[in-house]
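Input: a single structure, listed below in structure tokens.
Reckoned from all heavy atoms, side chains included, excluding hydrogens, waters and symmetry mates. These figures come from a predicted structure and were not determined experimentally. Each chain gets a letter, A, B and so on, in the order the sequences are listed, and its residues count up from 1.
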Protein chains: 2
Amino acid sequence: MSQSRSTAEDVARRAGVAQSTVSRVFSNSSRISEATRQKVLQAARELAYRPNNFARSLVTKQSLLVGIVMERISTAFSPYVLEKLTLKLQESGYNVLLFNVSQALSADDLLPSALDYQVDALITTSSVVSPEMADVYAKFKTPLILFNRRINNQTVNTVSADDYHGGKMAAEAMIKAGVKRAAFISGPENTSTTQDRGQGFFEGWELQDFARPRQIVGDYSYQSGFDVACQLWDDDSTLDGIFAVSDLMAVGAIDALRHKLGLRVPEDVQVIGFDDIPGAARLAYQLTTIRIDVDLMVNKTVELLQRCLTDKTKEVEQIVTPVTYVERKSLVVKI
Amino acid sequence: MSQSRSTAEDVARRAGVAQSTVSRVFSNSSRISEATRQKVLQAARELAYRPNNFARSLVTKQSLLVGIVMERISTAFSPYVLEKLTLKLQESGYNVLLFNVSQALSADDLLPSALDYQVDALITTSSVVSPEMADVYAKFKTPLILFNRRINNQTVNTVSADDYHGGKMAAEAMIKAGVKRAAFISGPENTSTTQDRGQGFFEGWELQDFARPRQIVGDYSYQSGFDVACQLWDDDSTLDGIFAVSDLMAVGAIDALRHKLGLRVPEDVQVIGFDDIPGAARLAYQLTTIRIDVDLMVNKTVELLQRCLTDKTKEVEQIVTPVTYVERKSLVVKI
DNA sequence: AACGATTGTGCATGCGCATGCACGCCTCTA
DNA sequence: TAGAGGCGTGCATGCGCATGCACAATCGTT
């Protein structure tokens, strides 16, 4: 901040009006004669005046700030979510305060400090948010929305994809594609996407009385997909199918299969992912996957957010968006 | 914001002290006896008190907020930059206000509104920042740092890679690799990275008295790399080398060559990129590239920022970080 | 035993703005 | 021509906090 910033008071003096008049011009709330409006705007221009949002928020109790708490900002399709959310929010007149979950700073550390900045609402994609945090936000009457995440034993606003059915669809597709010995590459067990997609997946197999596929844990990154695939085939080279809980891991696995293990995809091993990230469609991969509709999720999120802000007493919503099976070349269903 | 948030006043009342004492405890500035400190903290805990950063900033003239203005947040290695910057900034006690440049909102629109939020400094990776904006920031005494960008005819703080030499190195590598008929896939002409990398690249060729390679304009995206490569070979199928100004476009071009045009990389066409994004090293691509040191750039940026904040009268700095040639399989130098 | 130095706390004020209230002026109607 | 009813503006106040100053209590010193 600068010590030499001009204030509404300065503008008022120069325009020969009261500070309150300047304020009225800039919050264009009430009736101001065109003449004084111009006078004020002129003076403001000359002084390069800009209203101080902090002072304004202090009075109005509205920061027009939305907090976003994310982990692994650069991974998978987090960047797309962030970009679209930010865009949407800006269009709606909000600005974004971004928090990066790291080893040092957990979501539970970050959420309170968002509160210090008076965010009007908070969206998080972090996998680990304690139920207590939800309580804190409830206490502060600040809407909290979990994006692409659930949280156990707690009613919180939630926008997610239909992970359970997506998992099920993946299992069905694999079965129809003729996969006999499948492996499931998951994320950490405490993430809701892994839980839900995995549950749907396993139930899909069991429905057909097939043996439960082996599960191996990755961390959603390309490299972990690669490594875990190597490990899998090291243990059992008769596997013929992979369901990866994220496209990025699927792609890592494909590279391992093709360029490290000397296997062909889909001839030797069929692979299906989840998310449909840009990159899944690349001709180098042509990944069959379960698509989640990020645009829709973002739109629903911002709409929900606005509803929360308009009606503070609104009850919690849990929005689930549909997923679709997208068939490309890495796994194809034989009819 | 909530209407029912407890204030320092509330805490003071409950602890039986003055508001100023509460303030002193939370800004742990001056001497407070251990007894009252505990009394205050206890009361604060009971009331779930958190200091209001806006009110605080209004007095201290320090928001501890840093603005980041970005375009194409999800593209290329922007996400990595954002992630690392945010992390570093958080470690240094700052929080990040994120602005997304879009068609609707240009950097020149966004920069002033960052000022409204009293950011202590601003970092932008946006390619288009008008010199006037730099003046505005100077007037408001708010440090402005361009990341990976230059700006013409203006002295602004700048942290960038040695794009010019990188371009030159790319040319040299291509020549040594035996490329005779090269093409240059650039970004939009008004971006400084395209200008500098391109200039270095062309000068590298001219040094060897080789013909000036053809230039074609992309937009830094995977798809544009793909499309532009198709177009290139459509015009002239005798080309045998590509320098793409970004890895993402290089990768798009490789996919087009291999999977659309039926060419082999590197046997038929050699490809070199720029950036060394994660993904360049994938076995599916093994992209030879010019690496920029993002970590170093981020560190330099945050250090520069702190210097600016400490010494408001400090003069502008232009920091250039070295680049390195990373050889993988898509282009290899014959000795 | 008396006095200056030190430490801990309260009081008052102001940061820059929004907003309820009062008031003066003008227009319209009867 | 007088009164009613807008409309436009100024005044005063408070949002939640930090901080300079004053002052009481405690300590150490001679």
Side-chain angles (χ1 to χ4, degrees), chain A residues 1-41 43-44 47-65 113 115-120 140, chain B residues 1-41 43-44 47-65 113 115-120 140:
Chain A
M1 278 189 218
S2 153
Q3 55 281 56
S4 64
R5 230 171 242 225
S6 45
T7 70
E9 191 63 49
D10 300 332
V11 176
R13 209 171 2 249
R14 176 174 264 257
V17 298
Q19 176 267 321
S20 54
T21 301
V22 175
S23 164
R24 289 191 175 100
V25 169
F26 277 88
S27 52
N28 53 330
S29 50
S30 63
R31 58 246 163 116
I32 291 282
S33 74
E34 194 51 31
T36 48
R37 171 187 305 280
Q38 289 309 330
K39 226 173 19 177
V40 168
L41 289 176
L47 295 174
Y49 169 74
R50 313 218 94 225
N52 180 330
N53 266 350
F54 283 6
R56 175 176 282 183
S57 297
L58 200 57
V59 179
T60 60
K61 311 248 174 239
Q62 256 213 77
S63 64
L64 295 181
L65 240 34
S113 75
L115 247 18
D116 294 350
Y117 277 104
Q118 315 300 111
V119 294
D120 287 344
F140 280 81
Chain B
M1 273 188 221
S2 152
Q3 55 279 57
S4 65
R5 227 172 246 224
S6 45
T7 72
E9 191 62 49
D10 299 333
V11 176
R13 209 170 3 248
R14 176 174 264 257
V17 299
Q19 176 268 320
S20 55
T21 301
V22 175
S23 164
R24 287 190 177 100
V25 169
F26 276 88
S27 52
N28 55 329
S29 50
S30 64
R31 58 250 160 112
I32 291 283
S33 74
E34 193 50 32
T36 49
R37 168 185 311 279
Q38 288 310 330
K39 223 171 24 177
V40 167
L41 288 177
L47 295 175
Y49 169 75
R50 315 218 93 226
N52 180 330
N53 266 351
F54 283 6
R56 175 177 282 183
S57 296
L58 200 58
V59 180
T60 60
K61 312 250 173 235
Q62 257 213 77
S63 65
L64 295 181
L65 241 33
S113 74
L115 247 18
D116 294 351
Y117 277 103
Q118 316 298 112
V119 293
D120 287 344
F140 280 79

Item to check | Nucleotide nearest A:T21 when distance is taken to its side chain, options C:dG16, D:dA18, D:dG10 | outcome: D:dG10
Next on the checklist: Would you say A:T36 places a side-chain N or O within less than 4.0 Å of OP1 or OP2 belonging to D:dT9?
Outcome noted: yes
Next on the checklist: I'd like to check the side chain to side chain contact (heavy atoms under 4.5 Å, CB included) partners of B:R50; sequence neighbours left out, ordered by chain and number.
Outcome noted: A:P112, A:D116, A:F140
Next on the checklist: Roughly what angle, to 10°, lies between the helix axis at the start of the helix from C:dA1-D:dT30 to C:dA30-D:dT1 and the one at its end, five pairs per end?
Outcome noted: 40°
With 3.5 Å as the limit, what N/O pairs link the protein to nucleotides 22-27 of chain D?
none

Next on the checklist: Using whole Å, what does the distance between atom C1' of nucleotide C:dT9 and atom CZ of B:F26 come to?
Outcome noted: 17 Å
Checklist outcome for this item: Looking only at C:dC17, C:dG16, D:dG20, the nucleotide nearest the B:K61 side chain is C:dG16
Checklist entry - Atom CG of B:L64 to atom P of D:dA18: distance rounded to whole Å? => result 12 Å
Checklist entry - Just checking A:V22: base, sugar-phosphate only, or nothing, at a heavy-atom cut-off of under 4.0 Å? => result nothing
Checklist entry - Does the side-chain contact (heavy atoms from CB on, under 4.5 Å) test come out yes or no for B:N53 and A:Q118, once each step is laid out? => result CA-CA 8 Å; B:N53 266 351; A:Q118 315 300 111; 5.5 Å; no
Checklist entry - Would one find a side-chain N or O of B:S33 under 4.0 angstrom from OP1 or OP2 of C:dT9? => result yes
Checklist outcome for this item: Against the side chain of B:R24, the closest entry in C:dC21, C:dG10, C:dA18 is C:dG10
Item to check | Side-chain touch A:R14/A:D10, heavy atoms, less than 4.5 angstrom | outcome: no
Item to check | Shortest non-hydrogen separation from B:R56 to B:S27 and the atoms involved | outcome: NH2-N, 4.5 Å
Checklist entry - Closest nucleotide of DNA chain D for B:S20 versus for A:I32: which of these residues is on the 5' side? => result A:I32
Item to check | Close side-chain approach of B:L115 and A:R5, heavy atoms under 4.5 Å | outcome: yes
Item to check | Point-to-point distance, once rounded to the nearest 0.5 Å, from NZ of A:K61 to CG of B:N52 | outcome: 7.5 Å
Next on the checklist: On the nucleotide C:dG16, are OP1 or OP2 found under 4.0 Å from the side-chain N or O atoms that A:T7 carries?
Outcome noted: no
Checklist entry - Of all the nucleotides listed (D:dC17, D:dG20, C:dC17), which has the minimum atom distance to the side chain of A:A55? => result C:dC17
Next on the checklist: Using 0.5 Å steps for rounding, measure from the OG atom of A:S6 to the CZ atom of A:R13.
Outcome noted: 10.5 Å
Next on the checklist: For the OH atom of B:Y117 and the OG atom of A:S57, what is their distance to the nearest 0.5 Å?
Outcome noted: 6.0 Å
Item to check | Passing option when B:R24 is tested against B:V40, B:I32, B:T36 for side-chain contact (heavy atoms from CB on, under 4.5 Å) | outcome: B:I32
Checklist outcome for this item: Against the side chain of A:L58, the closest entry in D:dC15, C:dT9, C:dA18 is D:dC15
Checklist outcome for this item: Taken to the nearest whole Å, CG/A:D116 to P/D:dA18 is 11 Å
Next on the checklist: In this structure, how many angstroms lie between the P atom of D:dT19 and the CD atom of B:Q19, rounded?
Outcome noted: 12 Å
Item to check | Separation of C:dG10 C1' from B:E9 CD (nearest whole Å) | outcome: 12 Å
Checklist entry - How close or far is atom C1' of D:dT9 from atom CZ of A:R37, stated in whole angstroms? => result 14 Å
Checklist entry - Would you call the rings of B:Y49 and B:F26 parallel, tilted or perpendicular, where under 30° means parallel and over 60° means perpendicular? => result perpendicular
Checklist entry - For B:R56 and D:dG16, what is the distance between atoms CZ and C1' respectively, to the nearest whole Å? => result 11 Å
Checklist entry - In whole Å, what is the span from the CG atom of A:D10 to the P atom of C:dC17? => result 9 Å
